[in-house]
S.K.: 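Once you've had a glance at the structure underneath, I'll fire off some questions.
On a predicted model such as this, the values are computed, not experimentally measured, just so you know. Order of the sequence lines sets the chain letters (A, B, ...), proteins ahead of strands, with each chain counted from 1.
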Protein chains: 2
Amino acid sequence: MRLSHEQFRELAAKHGLAVTHQRQVVYEAVIASHGHHSPESIYAAVRRRIPSISLATVYNNLRLFIECGLLREVSPHASTLRVDGNLKPHHHLVCSRCKSVQDIEGEFIDFNRLSRQLPDGFDLTQPLIEVFGLCRRCRAKN
Amino acid sequence: MRLSHEQFRELAAKHGLAVTHQRQVVYEAVIASHGHHSPESIYAAVRRRIPSISLATVYNNLRLFIECGLLREVSPHASTLRVDGNLKPHHHLVCSRCKSVQDIEGEFIDFNRLSRQLPDGFDLTQPLIEVFGLCRRCRAKN
DNA sequence: TTATTGAACGATAATCAGTATAAAACGACC
DNA sequence: GGTCGTTTTATACTGATTATCGTTCAATAA
Ligand SMILES: [Mn+2]
Ligand SMILES: [Mn+2]
Ligand SMILES: [Zn+2]
Ligand SMILES: [Zn+2]
């Protein structure tokens with residue numbers, strides 16, 4: 001995908017990150033995945049383009065991207081790291097059973113009420129909300 | 001604490017769990033802790049009463065309690081399991097930086113709007129919400 | 001009360017995700 | 001080409017959790 005190719009070069013420049021082939025490919029794999037994937041699964045995807053890449057490099061760069069804000073970390077209740085390439089403000093719907101994550105839109109938070117309940121000093125400038133329930137599949141199993 | 005002593009026997013009976021000394025003490029340690037503690041720290045507490053207890057027993061029983069609904073699992077973004085003995089419906093405020101968890105009360109969710117955004121089949125009968133931000137301490141560090 | 005038996009426990013090995021380390025490769029610059 | 005700081009790779013390591021298995025316990029039937 002050419003789009004994320006250019007996108008990465010811009011983001012890297014903005015954050016003072018060197019553009020390497022490995023970084024480029026890792027980033028593109030996350031963006032192309034359109035979901036909330038684990039380092040393992042990103043690694044699998046990246047290896048198709050760079051068979052010699054090391055798992056450590058994938059981990060290192062995912063961490064780096066998260067620290068710089070190129071990616072968002074999403075690991076609610078899950079036992080392993082998940083990353084999200086979608087930086088537009090949005091919330092998540094998480095299945096308590098299988099830990100799957102779906103995006104959810106909409107203004108369903110009353111921030112006035114919420115602020116009143118906040119302990120002193122808690123900073124909510126970029127609130128992320130995760131709503132837990134049962135996904136369709138797990139509900140069917142019951 | 002006598003209260004949780006009786007409480008556990010009732011809960012165990014209701015869920016068909018055998019009442020053992022170890023289970024009793026593990027459960028009481030969680031309830032007495034009044035927070036969101038790790039298996040390690042529960043283990044430390046329990047050892048003061050049963051020095052010979054195995055870490056595996058603590059893990060096994062915490063898992064069991066969570067599965068039966070005697071405890072609530074709370075491990076958002078944190079790398080290790082946290083348990084919550086407070087089963088009253090309540091939500092959590094989580095620090096994105098240090099992963100600390102605080103309880104938060106209040107009706108700040110507009111469930112009408114939220115329901116409209118839910119994907120088909122998603123079950124929200126017992127919604128748990130986790131709101132991410134920066135706790136006071138981490139904000140101070142900045 | 002005692003014997004029986006499946007469940008639970010304890011010790012420890014194994015697993016698995018993630019991190020640390022150090023040597024090799026890279027790449028910008030001279 | 002030689003130098004130097006950065007990145008990648010290979011691999012060793014850590015820490016949390018789970019699996020295994022022999023031993024012990026607790027419910028209950030005789
Ligand atoms: Mn998302
Ligand atoms: Mn709580
Ligand atoms: Zn599910
Ligand atoms: Zn914090």
Side-chain angles (χ1 to χ4, degrees), chain A residues 8-9 11-13 15-30 36-68 70-71 73-83 99 101, chain B residues 5 8-9 11-30 36-68 70-71 73-83 99 101:
Chain A
F8 177 70
R9 298 181 155 262
L11 285 168
H15 292 92
L17 296 183
V19 175
T20 70
H21 184 215
Q22 286 86 343
R23 282 180 186 167
Q24 183 89 55
V25 173
V26 169
Y27 181 79
E28 288 179 28
V30 175
H36 307 92
H37 291 265
S38 66
E40 259 329 308
S41 91
I42 309 257
Y43 178 52
V46 169
R47 283 178 91 174
R48 290 200 286 273
R49 290 180 57 193
I50 314 179
S52 68
I53 199 171
S54 160
L55 179 58
T57 299
V58 173
Y59 270 102
N60 287 340
N61 286 319
L62 290 178
R63 272 271 151 254
L64 185 70
F65 296 163
I66 289 167
E67 270 160 26
C68 293
L70 271 73
L71 296 180
E73 178 180 351
V74 183
S75 318
H77 286 240
S79 53
T80 72
L81 176 66
R82 302 300 170 83
V83 290
K99 323 298 185 197
V101 178
Chain B
H5 202 77
F8 176 71
R9 299 181 153 261
L11 285 168
K14 192 162 70 182
H15 291 93
L17 296 183
V19 174
T20 69
H21 186 215
Q22 286 86 343
R23 284 181 183 166
Q24 183 88 54
V25 173
V26 169
Y27 181 79
E28 289 180 26
V30 175
H36 307 92
H37 291 265
S38 67
E40 259 327 309
S41 94
I42 309 265
Y43 177 53
V46 169
R47 283 180 91 174
R48 289 199 286 272
R49 290 180 57 193
I50 313 180
S52 68
I53 198 171
S54 162
L55 178 58
T57 298
V58 173
Y59 269 101
N60 288 338
N61 286 320
L62 291 179
R63 272 271 151 254
L64 185 71
F65 295 163
I66 289 168
E67 270 158 29
C68 294
L70 271 74
L71 295 180
E73 178 179 351
V74 185
S75 317
H77 288 241
S79 54
T80 74
L81 176 67
R82 302 300 170 84
V83 290
K99 323 298 187 196
V101 177

S.K.: Between the opening five pairs and the closing five pairs of the helix from C:dT1-D:dA30 to C:dC30-D:dG1, how far apart are the helix axes, to 10°?
M.R.: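 The two end axes of the helix from C:dT1-D:dA30 to C:dC30-D:dG1 meet at 20°.
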
S.K.: In whole Å, what is the span from the CG atom of B:Asn60 to the C1' atom of C:dT12?
M.R.: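 After rounding, the gap between these two atoms is 14 Å.
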
S.K.: Is the shortest side-chain heavy-atom distance between B:Glu73 and B:Leu62 below 4.5 Å?
M.R.: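 No, side chains not in contact.
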
S.K.: Please classify the nucleic acid contact of B:Asn61 as base, sugar-phosphate, or nothing, using heavy-atom distances under 4.0 Å.
M.R.: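 Sugar-phosphate, backbone atoms only, no base.
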
S.K.: Can you measure from CD (A:Gln22) to CD (A:Gln24) and round to the nearest 0.5 angstrom?
M.R.: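 Rounded to the nearest 0.5 Å, the CD-CD separation comes to 11.0 Å.
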
S.K.: Do B:Ile53 and B:Tyr43 have side chains that approach each other closer than 4.5 Å (heavy atoms only, starting at C-beta)?
M.R.: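 Of all side-chain heavy-atom pairs linking B:Tyr43 with B:Ile53, at least one is under 4.5 Å.
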
S.K.: Would you indicate whether the side-chain heavy atoms of A:Ile50 and A:His21 approach each other to under 4.5 Å?
M.R.: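 Side chain of A:His21 against side chain of A:Ile50, heavy atoms only: contact under 4.5 Å found.
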
S.K.: Kindly compute the distance separating NE2 (A:His37) from CZ (A:Arg82), expressed to the nearest 0.5 Å.
M.R.: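 The NE2 atom of A:His37 sits 9.0 Å away from the CZ atom of A:Arg82.
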
S.K.: Do B:Val58 and B:Glu40 have side chains that approach each other closer than 4.5 Å (heavy atoms only, starting at C-beta)?
M.R.: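 The answer is no, as the side chains (C-beta and beyond) never meet within the 4.5 Å cut-off.
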
S.K.: Between A:Cys68 and A:Leu17, is any pair of side-chain heavy atoms under 4.5 Å apart?
M.R.: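 In contact.
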
S.K.: Toward the 5' end of DNA chain D, which comes first, B:Tyr59 or B:His21, by nearest nucleotide?
M.R.: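 The residue whose closest nucleotide sits nearer the 5' end is B:Tyr59.
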
S.K.: If I take atom OH in residue A:Tyr43 and atom P in nucleotide C:dC16, what distance separates them, rounded to the nearest angstrom?
M.R.: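 In whole Å, C:dC16 P lies 16 Å from A:Tyr43 OH.
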
S.K.: For A:Glu40 and for B:Leu17, find the nucleotide of DNA chain C with the closest heavy atom, then tell me which residue's nucleotide is more 5'.
M.R.: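 This one resolves to B:Leu17.
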
S.K.: Please identify the 5'-most and 3'-most nucleotides of DNA chain D with any atom under 4.0 angstrom from a heavy atom of chain B.
M.R.: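 So the contact region on DNA chain D extends D:dA16 to D:dA27.
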
S.K.: Any heavy-atom pair between the side chains of A:Lys99 and A:His36 that's under 4.5 Å?
M.R.: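 When only atoms from C-beta onward are counted, A:Lys99 and A:His36 do not touch, as no gap falls below 4.5 Å.
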
S.K.: What is the separation between atom CG on B:Leu64 and atom P on C:dA7, rounded to the nearest whole Å?
M.R.: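 Rounded to whole Å, this separation is 13 Å.
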
S.K.: Quick check on side chain to side chain donor-acceptor pair (under 3.5 Å): which of B:Asn61, B:Thr57, B:Asn60 does B:Arg23 satisfy it with?
M.R.: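 Exactly one option meets the side chain to side chain donor-acceptor pair (under 3.5 Å) with B:Arg23, and it is B:Asn61.
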
S.K.: For B:Leu81 and C:dA17, give me the distance from atom CG to atom P, rounded to whole Å.
M.R.: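 Taking CG of B:Leu81 and P of C:dA17, I get 17 Å after rounding.
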
S.K.: Is the closest side-chain heavy-atom distance between A:Val83 and A:Val74 below 4.5 Å?
M.R.: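 No, every pair of side-chain atoms sits at 4.5 Å or beyond.
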
S.K.: Does the side chain of A:Leu11 come within less than 4.5 Å of A:Tyr27's, by heavy atoms?
M.R.: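 Yes, at least one pair of side-chain atoms sits under 4.5 Å.
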
S.K.: Rounding to a whole Å, what distance do you find between A:Arg63:CZ and C:dT19:C1'?
M.R.: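 Going from A:Arg63 (CZ) to C:dT19 (C1'), I get 10 Å.
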
S.K.: Can you list, in residue-number order, the parts of residues 50-58 of chain A that come under 4.0 Å of DNA chain D, counting heavy atoms only?
M.R.: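 Under 4.0 Å from DNA chain D: A:Ser52, A:Ile53, A:Ser54, A:Ala56, A:Thr57.
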
